[in-house]
Number of protein chains: 2
Amino acid sequence: MHRHEGHDACRTAAPDMVARAEAICRERGLQFTPLRREVLEAVAGSGKAQGAYDIAERLSAPGKRVAPVSVYRALDFLMEQGLVHRIASRNAFIPCGHDHAPGEGVIFLICRTCGGVDEASSADVEGGLERTLERAGFTPTHSILEVEGDCGACRERDHAP
Amino acid sequence: MHRHEGHDACRTAAPDMVARAEAICRERGLQFTPLRREVLEAVAGSGKAQGAYDIAERLSAPGKRVAPVSVYRALDFLMEQGLVHRIASRNAFIPCGHDHAPGEGVIFLICRTCGGVDEASSADVEGGLERTLERAGFTPTHSILEVEGDCGACRERDHAP
DNA sequence: CCAGCGGTGATACACTGTAACAAACCCGCG
DNA sequence: CGCGGGTTTGTTACAGTGTATCACCGCTGG
Ligand SMILES: [Zn+2]
Ligand SMILES: [Zn+2]
Ligand SMILES: [Zn+2]
Ligand SMILES: [Zn+2]
């Protein structure tokens, strides 16, 4: 199981994220194009979950417009490679520096104050969910678990200013 | 914990849903207006999760148009009263005939074949999640857990045609 | 009566995501 | 080298989702 002390403790820096992505793509025979690189940098460069249009705007400069549809395509690619996650409750995306096992359940901890998103996982939760689905006669293909609340850093900051 | 044998076993029929909603609103001193009633009927009338625009279209007739914004307002009200749930991964809504305890976690089982959505809950999952959040130093305010897959009925039907 | 309040209608708009087609690019093969 | 086919990107258009704003209506309490 992962342990996370806070948002920053486990967050891979953007350059590391890019280097890792480059290695993964080379290893899998896929193209890590400039656009995909820039999108990953944009996602990783902010501490919070980014919307596709935010990314498009951030990558656009006077004279060089990046259309949202291009961002979506790059994000689809990055998600297939496990390099970014989509946060369904926010319609937003975060980078992922983990090496998730196939089928591993991920818990997203979304701070409503700072907007940061942390990842966790728990064998307890996964086991309990598996048993519950079994009892319900339901065969899962995919599940999402997202928790909104306050991260430790924000709670402390607000509690002892 | 709830037990669910299949989609239909636990689904309250639309008329019952409306009667219950009416009672709840009267008890709470709130207005169960015709629009809110029609929206609840529309949500409850189909076996699958309904989008707001689907509902608006269903309620509209030649000469009497129901705008999506009205549907959203009614859905907001019904969600506040715990009469419908929003399925974040589908941008859709389902009726709820349960009497959820405040803070009770709900697991949505979404069948990718028939589109039906079942509810379940599990003390195991909730306990495990609580411990995981505690360890992560995260104070939750709200969580969503949605599982996509095949319900028992669909799996059987596809397995033995 | 009148002011206030909640609900509804109507319009406009922002945000999210996809379809379709063309142009550019890459890479192996004759 | 030039060609052909797959992949990536640009561009436009559009569908779907959700919110803001203002006006109107109907009720209720003073
Ligand atoms: Zn991850
Ligand atoms: Zn925080
Ligand atoms: Zn429910
Ligand atoms: Zn089904």
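Convention: sequence-line order gives letters A, B, ...; per-chain numbering from 1.
- With A:Glu22 contributing its side chain and A:Phe32 its backbone, the two residues share no donor-acceptor pair below 3.5 Å.
- The side chain of A:Asn91 places an N or O atom within less than 4.0 Å of a non-bridging phosphate oxygen (OP1 or OP2) of C:dG17.
- Between the P atom of C:dC25 and the CZ atom of A:Arg36 lies a distance of 16 Å, rounded to the nearest Å.
- Between B:Leu83 and B:Val43, every side-chain heavy-atom pair lies at or beyond the 4.5 Å cut-off.
- Boundaries of the chain A contact region on DNA chain D are D:dT7 to D:dT12, first to last in 5' to 3' order (nucleotide atom under 4.0 Å from a heavy atom).
- Using a 4.5 Å heavy-atom threshold, the side chains of B:Glu104 and B:Glu126 count as touching.
- Put simply, CG on B:Leu35 is 17 Å from P on C:dG6, counting in whole angstrom units.
- The side-chain heavy atoms of B:Ser70 and B:Leu35, taken from C-beta on, include a pair separated by under 4.5 Å.
- Residues B:His98 and B:Val106 form no side-chain contact, since every pair of their non-hydrogen atoms from C-beta on lies 4.5 Å or further apart.
- Using a 4.0 Å cut-off between a side-chain N of Lys or Arg and a carboxylate O of Asp or Glu, A:Glu41 and A:Arg58 do not qualify as a salt bridge.
- Counting only distance, with no hydrogens or angles, the side chain of B:Thr139 and the backbone of A:Gly149 share no donor-acceptor pair below 3.5 Å.
- Formation of a donor-acceptor pair under 3.5 Å by the B:Ser60 side chain with backbone atoms of B:Val66 is found in this model.
- Heavy-atom distances to DNA chain C give each of B:Leu30 and A:Phe93 a nearest nucleotide, and the one nearer the 5′ end belongs to B:Leu30.
- Contacts with DNA chain C (heavy atom under 4.0 Å) in residues 50-85 of chain B: B:Val69, B:Ser70, B:Arg73, listed by number.
- An angle of 10°, rounded to 10°, separates the two end axes of the helix from C:dC1-D:dG30 to C:dG30-D:dC1, each defined over five pairs.
- Under the 4.5 Å side-chain criterion, counting only non-hydrogen atoms from C-beta, A:Arg112 is not in contact with B:His142.
- With hydrogens and angles ignored, the 3.5 Å screen pairs no side-chain donor or acceptor of A:Gln81 with any backbone N or O of A:Cys25.
- In this structure, B:Arg86 reaches the sugar-phosphate backbone alone: every heavy-atom distance under 4.0 Å involves primed, P, OP1 or OP2 atoms, never a base.
- B:Arg155 places a side-chain N or O within 3.5 Å of a backbone atom of A:Gly137 that can act as its donor or acceptor partner.
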